[in-house]
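Input: a single structure, listed below in structure tokens.
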There are 2 protein chains.
Amino acid sequence: MTIAEVSKKYDLTADTIRYYEKIGLIPTVPRTEKGIRNFDEESCNWIEFIKCMRNAGMEIEILLEYVNLFKQGKTTVKARKRLLEEQREKLIEKQNNINATIERLDYKLELYDEIILGKRKDFTETI
Amino acid sequence: MTIAEVSKKYDLTADTIRYYEKIGLIPTVPRTEKGIRNFDEESCNWIEFIKCMRNAGMEIEILLEYVNLFKQGKTTVKARKRLLEEQREKLIEKQNNINATIERLDYKLELYDEIILGKRKDFTETI
DNA sequence: TATTGACTTAGAGCTAACTCTAAGTGATAT
DNA sequence: ATATCACTTAGAGTTAGCTCTAAGTCAATA
């Protein structure tokens, strides 16, 4: 697959994909004799994985650590597990923050509704 | 309350609080005769609100819009509601992304566990 | 044959959200 | 009296994560 095809498939710009490769996030992208990227299944899997993790807000530096551990082979399995567990914890915390904020917004939206419908005579501007 | 006290109370640096005020995120922070910030309850409520929204990842530009609508008074109640509804939708989407990623990590962590415990003879490196 | 279009590179530029620096004021402690 | 400390300002610097530019190669089409 060319970079244009991969770009379309995963909805990432070609620039972003090249950037990810340059910094080492996508190990060993194959090339044609002319030096043009020819993404195979493994490269695509990496891109899909990176995209998913980035969408959840995981930092590139952390992902780089994971990729580098991966490159070192079986001996790093435990370290990789530890890394993913840590990131899982961070995502849980993010989830909690977002949940709390959604609940707060729900409450505010209810108040706004009551104000709009005129159910609140004691209308005081709540932040 | 001085900026130092507010900084401690909400775990934000004084720099961040000054920055928020400068760009207009905290309307009307009172000052002493000497020109020193003297945060009242309303200012604190704004800071707490901004902090909560920022923690969930809401953009400063959006929060500025909200604050500006708020300043214009009752006539903007519907617009404010619309704005908060939009942001709620964005948070739901983020939540979904994070949930999907946590589930994916859970699956990977199980695989890693099986590998570590030697339950997998067919060990092939999964990304 | 000339040009169009997809690819290549190195490296500069951009945006959001802070974070820091320098220079200054004023109240309190030694 | 002098030094320390918390505050003030304007504006420069930083970081993450892209995004764009310029200059070039190569294959296919008018």
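Residue numbering restarts at 1 for every chain, and letters A, B, ... go by the order of the sequence lines.
The interatomic distance linking B:Ile62 (CD1) with C:dA16 (C1') rounds to 13 Å, in whole Å. One atom, CD1 of A:Ile36, and another, C1' of C:dT8, lie 7 Å apart when rounded to the nearest Å. If you measure from atom CE of B:Met1 to atom P of D:dC7, you get 12 Å, rounded to the nearest angstrom. Between the NZ atom of A:Lys34 and the P atom of D:dA28 there is a distance of 11 Å, rounded to whole Å. Nucleotide C:dC7 holds its P atom 16 Å from the CD atom of A:Glu33, rounded to whole Å. When rounded to the nearest whole Å, the span between NZ of A:Lys8 and P of C:dC7 equals 11 Å. In this structure, B:Tyr20 atom OH and C:dA17 atom P are separated by 8 Å, rounded to whole Å. Going from atom CD1 of A:Ile17 over to atom P of C:dC7 covers 10 Å, rounded to whole Å.
With C:dC18, D:dT8, D:dC18 as the choices, the nucleotide that has an atom nearest any side-chain atom of B:Thr16 turns out to be C:dC18. When each of C:dT8, D:dG17, D:dT19 is scored by its nearest atom to the side-chain atoms of A:Glu59, the top-ranked nucleotide is D:dG17. Among the nucleotides C:dG26, C:dA17, D:dG11, the one closest to any side-chain atom of B:Lys22 is D:dG11. Distance from the side chain of A:Ile60 is smallest for D:dG17 among the nucleotides C:dC18, C:dT8, D:dG17. Side-chain proximity of A:Tyr19 to the nucleotides C:dA17, D:dC18, D:dC7 is greatest for D:dC18.
Note on B:Arg37: every side-chain N or O is 4.0 Å or more away from OP1 and OP2 of D:dC7. For the pair A:Thr2 and C:dC7, the criterion of a side-chain N or O lying under 4.0 Å from OP1 or OP2 is met.
Between A:Asp15 and A:Glu61, the residue anchored closer to the 5' end of DNA chain D is A:Glu61, taking for each the nucleotide with the nearest heavy atom.
The residue B:Arg18 sits close to a base: some heavy atom pair falls under 4.0 Å.
Remark: B:Ala4 pairs with B:Thr2 by the side chain to side chain contact (heavy atoms under 4.5 Å, CB included) rule, at least two apart or across chains.
The shortest side-chain heavy-atom distance between B:Asn45 and B:Glu41 falls under the 4.5 Å cut-off. Looking at heavy atoms from C-beta onward, B:Leu63 lies out of side-chain contact with B:Tyr20 at the 4.5 angstrom threshold. By the 4.5 Å heavy-atom criterion applied to side chains, B:Val77 and A:Tyr112 are counted as neighbours.
A cation-pi arrangement is present between B:Lys108 and A:Phe49, with the terminal nitrogen or guanidinium carbon under 6.0 Å from the aromatic centre and inside a 45° cone about the axis.
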